[in-house]
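Reviewing the structure listed below.
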Amino acid sequence: MNLWAGRFKSEIDQKTNDFNSSISFDSRMYKEDIEGSIAHAEMLGQCGIIDKSEASRIITTLKWMLADINNGILKIDYTAEDIHTFIEQELTARIGDSGKRLHTARSRNDQVALDIRLHLTKCVDRLSDEIKELIDVILYKAERHADTIMPGYTHLQRAQPITFGHHLLAYANMLLRDIERLADCKKRMNISPLGSGALAGTTYPLNREMVAESLSMKGITRNSLDGVSDRDFVLELASALSIVMVHLSRFSEEIILWCSWEFKFIELDDAFSTGSSIMPQKKNPDIAELVRGKSGRVFGSLMTLLTVMKGLPLAYNKDMQEDKEAIFDAVDTVSMCLTTFTPMLTTMKVNEETMRTAAAKGFINATDCADYLVNKGMPFRDAYKIVGKLVALCIEKDLTLETLPIEEYQKISAQFDEDVYHTIKLDVCVRKRTVVGAPAPECVLREISKIKMVL
Ligand code: ARG
């Protein structure tokens with residue numbers, strides 16, 4: 001029997017019922033639905049809208065139902081229209097008329113808006129913790145590799161020397177901003193819409209603040225139409241999660257490159273790699289590839305949500321039921337990616353020697369060589385040209401700036417002295433980069449302790 005049975009002469013068509021039903025995906029909000037109903041019933045009792053004894057009967061039964069669902073005693077009925085209907089019908093089955101009073105001064109429209117806000121707030125907390133765990137691992141690795149020299153790239157061409165610790169900290173910074181974005185999104189999410197009713201508030205003397213407080217929410221919505229039809233917080237979460245995935249995807253892309261034979265900077269643990277069914281030599285970075293690929297799903301959810309919302313007239317429209325599958329899938333995907341990526345990173349081995357060898361090629365100390373001349377008083381643009389000629393000469397003679405004889409240096413500029421060889425040593429180049437945010441090991445260690453303080 002449907003909730004709206006009074007107005008209708010016949011039962012809903014079976015296929016239409018399945019199409020209309022959301023319980024297969026909104027049942028995951030059963031806990032929040034019950035918590036919201038308990039807060040609502042408590043307030044109804046306190047405000048004298050329903051009898052206090054009936055309110056407490058409703059509350060006791062809802063708590064009992066929650067325990068029963070958790071223990072598997074109460075099975076969710078997947079033929080019900082949605083989780084709200086199921087909970088209310090079960091309550092009424094258990095306590096009769098008192099159960100029917102729960103929906104006084106409430107609509108499923110403000111109820112579902114409340115439930116999804118409560119549910120996603122918990123998801124945000126969990127995802128933030130998962131990101132923190134990943135940052136922890138990054139910091140641990142960065143500390144161990146604060147002076148592991150590697151080539152830094154632009155255009156995927158070797159550019160200037162950095163350290164692996166420094167490179168890793170770039171991701172720690174991105175992920176810290178992700179946590180901030182989630183916290184910011186939570187501020188607008190953790191607000192109670194209850195009391196908005198179906199769309200036009202209610203005539204009952206509700207205490208909306210009381211409901212919000214008992215649910216640990218930080219305020220109430222200020223317009224009933226907006227209260228039931230706002231899903232900005234879902235859009236914000238989907239965009240924050242899409243950005244998390246951009247970061248994880250870029251990190252994955254680098255990991256995939258680094259464990260190729262062309263780079264061999266790292267090796268992934270066997271537990272986080274897969275083999276090939278035909279090529280015996282293969283060890284593939286499937287996990288990183290999947291994370292990179294799954295970013296597409298999360299961006300897809302964001303597009304779904306934006307598209308669902310963009311043309312809706314006020315206030316509630318059934319289209320909005322479509323928000324749940326999209327955002328739940330995004331939440332699940334990001335969580336799965338984070339909790340697989342983190343142990344993969346923990347067990348990743350770093351080939352320090354290969355990184356250093358790669359850094360020794362490609363003239364990544366050329367800027368430092370130019371800076372050497374600048375320190376002797378030459379304008380940077382002139383120094384740049386001279387070093388360009390030196391690099392061309394090295395390529396012609398199959399030498400590096402380190403192995404080019406001093407006579408050759410001096411033929412191009414008399415300013416060069418033996419001490420140029422010290423200046424262009426990779427360790428020296430890295431150690432001299434001490435400006436805030438630069439790759440010198442001391443800076444990397446300082447940034448690590450700063451991050452640890454805020455984490
Ligand atoms: N299952 C619905 C949803 O997720 C609940 C609200 C239904 N309200 C209504 N008037 N049909 O959006």
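First listed ligand is number 1; within each ligand, the first listed atom is number 1.
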What class does the angle between the rings of His145 and Phe164 fall in, given that below 30° is parallel, 30 to 60° is tilted and above 60° is perpendicular? perpendicular
Asp230 (side chain) donor-acceptor with Asp232 (main chain) under 3.5 angstrom: yes
Paired with Ile191, the side chain to side chain contact (heavy atoms under 4.5 Å, CB included) test is passed by just one of Arg222, Met217, Arg117, namely Arg117
Can you pull out every side chain to side chain donor-acceptor pair (under 3.5 Å) where at least one residue sits in residues 437-455? Sequence neighbours excluded, please. Glu143-Lys452
Heavy-atom donor-acceptor pair, Asp26 side chain to Ile83 backbone, under 3.5 Å: yes
Under a 3.5 Å threshold, I'd like every N/O contact between ligand 1 and protein atoms, with atom names and distance.
unit_1   : atom_1 : unit_2 : atom_2 : d
ligand 1 : 1 (N)  : Ser22  : OG     : 3.1
ligand 1 : 1 (N)  : Asp82  : OD2    : 3.1
ligand 1 : 1 (N)  : Gln321 : OE1    : 2.7
ligand 1 : 4 (O)  : Lys324 : NZ     : 2.6
ligand 1 : 8 (N)  : Asn109 : OD1    : 2.9
ligand 1 : 10 (N) : Asn109 : OD1    : 3.1
ligand 1 : 12 (O) : Tyr316 : OH     : 2.5

Quick one: are the ring centres of Phe86 and Tyr30 less than 6.0 Å apart? no
